Amino acid sequence: MNKESISGLILAGGRGTRMGHVDKGLQPFGGTTMVAHVLARLEPQVATVAINANRNENTYAAYGVPVWPDDTPDYAGPLAGLQAGLRRCATTYLLTAPCDSPFLPADLAERLLDGLRAAGADLAVAVTEENGRRQVHPVFCLLKTSLEPVLSAYLDGGGRRMDGWYPQIKVTEVLFDDADAFRNINTLDELHELDTGSTKPPRLADVVSCLSAYDPDALPVRDAQRIIREFVTPVRATEMVALRAALGRVLAADIVSPIDVPSHDNSAMDGFALRGSDLPADAPARLAVIGTAYAGRAFDGSPRPGECVRIMTGAVMPAGCDSVVPQEFVSVEGDTMVIAPGTIRAGDNRRLAGEDLKSGSAALRAGKVVRPADLGLLASLGVAEVPVQRRLRVAFFSTGDELRSIGQSLDEGCVYDSNRYTIYGMLQRLGCDLIDMGVVRDDPQALEQALRDACENADAIITSGGVSVGAADYTKQIMARLGDVTFWKIGMRPGRPLAFGRIHSNGRSAFLFGLPGNPVAVMVSFYFFARDALLRMMGADAPLELVRARAAATIRKKPGRTEYQRGILARAADGQPTVTITGAQGSGILRSMSEANCMVVLHDEQGTVQAGELVDVLLFEGLI
């Protein structure tokens with residue numbers, strides 16, 4: 001096959017009404033966008049590729065191909081895109097495929113061309129058979145570009161059906177075996193289902209089998225973290241949101257820059273733009289100032305040798321100029337600028353087009369949590385909508401007959417439930433959609449119903465209390481009966497007991513994190529086990545960052561377990577970061593957590609830390 005005779009056209013000219021009015025081609029899929037998948041499969045088969053689109057032209061153009069809008073107005077459908085392609089392509093044949101067909105065959109062009117030539121036809125269209133039923137796919141076709149007048153006459157007469165003009169030309173059908181290759185994706189639900197895939201989730205037993213000397217009753221922190229990381233799976237559902245609504249969300253795909261940044265060569269500072277060849281070698285040079293270039297208002301002209309232009313920061317460099325001398329380095333005498341030898345070198349103080357960001361390059365990567373600076377960057381690129389991961393839905397509740405909610409009176413032996421509020425705050429910081437299920441009493445039926453309700457409405461469940469050695473046996477029995485759950489005694493302080501796994505109810509499943517009941521232990525367990533797992537489910541790349549600081553005093557510890565001690569980080573007199581422990585470190589002393597601004601992490605293998613030695617520290621700022 002001579003692919004040089006074929007141009008490819010991706011049809012993306014619709015309004016995306018079934019995709020929340022977002023272009024189908026720009027919907028995230030498989031780590032990129034649907035149109036990127038189609039482009040990757042189509043490019044090897046043809047000489048050139050173009051995209052038919054009627055909006056978001058710059059975004060499509062960032063893929064490095066021409067973008068051709070409809071000539072027929074009012075979104076006339078795929079035939080209008082076909083007409084636009086026939087009018088613009090310069091080859092004998094045009095091959096079309098829709099933007100929502102990421103699985104199109106790798107031999108589509110070759111087989112359609114062979115079929116067209118064998119039948120002496122004007123147009124070859126793909127067909128498939130399923131259960132004895134023949135299905136024609138008119139948007140997957142190859143046709144002669146000389147058919148443009150016939151198609152235009154049909155459109156001018158009000159015709160819109162893809163096959164409505166077939167009686168006027170000779171059409172042949174080419175049978176393909178793989179019907180799934182021609183599957184198009186029409187709704188967000190279909191997209192999410194395909195993107196999620198149908199791979200069987202791992203079992204906890206399979207994950208822990210990779211660990212040597214696995215003991216659930218004496219599990220090191222690192223092993224528990226590894227098991228959780230390998231067991232949880234990301235939630236694949238994504239959505240397009242307006243730019244401002246993307247703050248704090250997780251990018252679902254790379255954001256490709258549709259333009260160069262900066263878009264033109266421009267000045268890095270206020271001064272005078274000149275030719276590098278006019279820079280003096282051994283005596284001051286006098287250059288005539290012939291005008292001024294402002295940011296947003298370029299100088300209309302081209303300085304000749306011996307001339308320069310007054311220029312402001314960000315202004316486009318005048319034609320022929322390649323250097324800028326800062327205004328404070330020269331003297332001005334009327335309309336003449338005087339520059340001494342050696343003041344600058346040729347090319348200084350000029351920002352090149354695309355120096356910050358090249359058109360077609362990734363401005364932001366998938367998995368990044370969008371921050372204020374990222375909003376500004378995206379706005380500077382003209383990006384109005386952003387593909388993000390769906391918000392993670394997390395249900396949480398506390399267990400225990402002794403717990404009371406705020407506003408209730410405290411009976412003897414009862415306490416207010418503080419854990420739900422700290423869990424709420426930690427989840428809120430992660431940007432989750434929250435389902436607060438309150439306090440669940442110590443009753444088997446109540447606990448099972450709460451877990452089932454949470455499982456059927458959330459992606460993850462966080463409980464506090466009920467997983468320690470002294471907890472009622474039915475807690476473990478219920479959790480284990482509902483799914484694949486394990487109970488650990490972790491070599492750490494505070495926060496030794498932890499339940500983890502996946503539970504199921506009525507066809508739904510959710511990951512379960514059963515945290516201890518002591519207030520500080522809840523926070524420690526959340527940050528060092530649940531947080532990373534939830535971020536992984538969100539598709540985010542945001543690991544805990546530890547910093548090094550000097551211990552202000554001796555911190556006693558025995559090797560063999562990991563300890564997390566509350567501390568206060570400050571600058572010592574010599575300017576070095578120094579950490580001081582807040583005092584009593586009991587797992588129920590929440591006040592010490594409130595007073596602290598960091599947590600000192602003393603790893604499993606560490607022993608007593610002497611004053612002046614360096615330790616790892618987790619800062620609470622931006623975390624709590």
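No experiment lies behind these values; they were computed from the predicted model shown.
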Carefully, step by step, assess Val520 and Arg566 under the rule side chain to side chain contact (heavy atoms under 4.5 Å, CB included).
CA-CA 10 Å; Val520 176; Arg566 288 132 275 174; 3.6 Å; yes
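- Nearest heavy atom pair, residue Phe397 against residue Gly438, reads CB-O, 3.2 Å.
- When each of Val615, Asp574, Val609, Val617 is paired with Arg550, the side chain to side chain contact (heavy atoms under 4.5 Å, CB included) condition holds for Asp574 and for no other.
- Qualifying side-chain contact (heavy atoms from CB on, under 4.5 Å) partners for Thr580, counting only residues two or more places apart in sequence or in other chains: Ala552.
- Using a distance-only test at 3.5 Å, with no hydrogens or angles considered, no donor-acceptor pair links the side chain of Thr33 to the main chain of Gln27.
- You'll find the side chain of Phe529 stays beyond 4.5 Å of the side chain of Leu515, heavy atoms only.
- Nearest heavy atoms, Gly501 versus Leu204: CA-CD1, 4.0 Å.
- For the pair Ile490/Phe528, no side-chain contact is recorded, criterion being any heavy-atom separation below 4.5 Å from C-beta on.
- Without hydrogens or angle criteria, Asp459 side chain to Arg393 main chain gives a donor-acceptor distance under 3.5 Å.
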Would Arg548 and Asp616 satisfy salt bridge (Lys or Arg N to Asp or Glu O under 4.0 Å), going step by step from the backbone distance to the final call?
CA-CA 5 Å; Arg548 300 283 279 172; Asp616 283 335; 3.2 Å; yes
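- Residues Tyr60 and Leu39 are not in side-chain contact: their nearest non-hydrogen atoms beyond the backbone lie 4.5 Å or more apart.
- For the atom pair Arg229 CZ and Arg222 CZ, the distance stands at 11.5 Å (nearest 0.5 Å).
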Please walk me through it: do Leu392 and Val235 pass side chain to side chain contact (heavy atoms under 4.5 Å, CB included)?
CA-CA 8 Å; Leu392 199 66; Val235 173; 3.7 Å; yes
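- Scanning all heavy atoms of the two residues, the minimum distance from Pro216 to Phe487 falls at CB-O, 3.9 Å.
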Could you pull out all donor-acceptor pairs under 3.5 Å where a side-chain atom in residues 249-257 meets a protein atom, sequence neighbours excluded?
from: Arg249; atom 1: NH2; to: Glu239; atom 2: OE2; distance (Å): 2.5
from: Arg249; atom 1: NH2; to: Gln389; atom 2: O; distance (Å): 3.0
from: Asp254; atom 1: OD1; to: Ala366; atom 2: N; distance (Å): 2.9
from: Asp254; atom 1: OD2; to: Arg365; atom 2: NH1; distance (Å): 2.9
from: Ser257; atom 1: OG; to: Ile259; atom 2: N; distance (Å): 3.4
from: Ser257; atom 1: OG; to: Ile259; atom 2: O; distance (Å): 2.5

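- When atom types are taken as modelled, the side chain of Arg536 and the backbone of Val232 share a donor-acceptor pair closer than 3.5 angstrom.
- Judged by distance alone, the side chains of Asn419 and Ser398 never bring a donor and an acceptor atom under 3.5 Å apart.
- More than 12 heavy atoms of other residues, nucleotides or ligands lie within 6.0 Å of CD in Glu605, so this atom counts as buried by the packing criterion.
- A 4.5 Å side-chain heavy-atom check between Ser405 and Val439 finds at least one atom pair inside the cut-off.
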Yes or no on side chain to side chain contact (heavy atoms under 4.5 Å, CB included) for Val35 and Tyr63, after CA distance, side-chain angles and deciding distance?
CA-CA 9 Å; Val35 74; Tyr63 289 97; 3.8 Å; yes
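- Rounding to the nearest 0.5 Å places CZ of Arg556 at 6.0 Å from OG1 of Thr608.
- With values rounded to the nearest 0.5 angstrom, Tyr214 atom OH is found 6.0 Å from Leu219 atom CG.
- None of Val600, Leu602, Val601 except one satisfies the side chain to side chain contact (heavy atoms under 4.5 Å, CB included) rule with Tyr564; the exception is Val601.
- In this structure, Pro497 and Lys489 have side chains that are not in contact, with every pair of non-hydrogen atoms separated by 4.5 Å or more.
- Between the side chain of Asn58 and the main chain of Pro258, no donor-acceptor pair closer than 3.5 Å is present.
- Across every non-hydrogen atom of Met240 and Leu26, the tightest pair is SD-O, 4.0 Å.
- Checked for salt-bridge contact, Asp374 and Lys368 meet the test: a charged N lies under 4.0 Å from a carboxylate O.
- Here Ile555 contributes atom CD1 and Ile581 contributes atom CD1; the two are 4.0 Å apart, rounded to the nearest 0.5 Å.
- Here the CZ atom belonging to Phe511 is positioned 3.5 Å from the CZ atom belonging to Arg502, to the nearest 0.5 angstrom.
- The aromatic rings of Phe513 and Phe500 are tilted relative to each other, their planes meeting at an angle between 30° and 60°.
- Of the possible donor and acceptor atoms, none in the side chain of Ser361 sits under 3.5 Å from a partner among the backbone N and O of Leu357.
- In this structure, Tyr416 OH and Tyr421 OH are separated by 10.5 Å, a value rounded to the nearest 0.5 Å.
- Using a 4.5 Å heavy-atom threshold, the side chains of Thr562 and Pro220 count as separate.
- Here the shortest heavy-atom pairing between Ala363 and Leu381 reads CB-CD1, 3.6 Å.
- Every side-chain contact (heavy atoms from CB on, under 4.5 Å) that Arg452 has, sequence neighbours left out, goes to Glu448, Glu456, Leu482, Ser505.
- The two atoms that bring Ile228 and Ala533 nearest to each other are CG2-CB, 3.5 Å, heavy atoms only.
- Contact check for Ile423 versus Arg420: no side-chain heavy atoms found under the 4.5 Å cut-off.
- Taking the side chain as every heavy atom from C-beta outward, Asp604 and Val221 never approach each other to under 4.5 Å.
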Carefully, step by step, assess Arg561 and Arg493 under the rule side chain to side chain contact (heavy atoms under 4.5 Å, CB included).
CA-CA 7 Å; Arg561 69 180 180 191; Arg493 178 187 179 189; 3.3 Å; yes
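- For Asp443 (side chain) and Ala446 (main-chain N/O), a donor-acceptor pair under 3.5 Å exists by modelled atom type.
- With salt bridges taken as basic N to acidic carboxylate O contacts below 4.0 Å, none links Asp356 and Arg351.
- Of the charged side-chain nitrogens involved, none lies within less than 4.0 Å of a carboxylate oxygen, so that Lys358 and Asp260 do not count as a salt-bridged pair.
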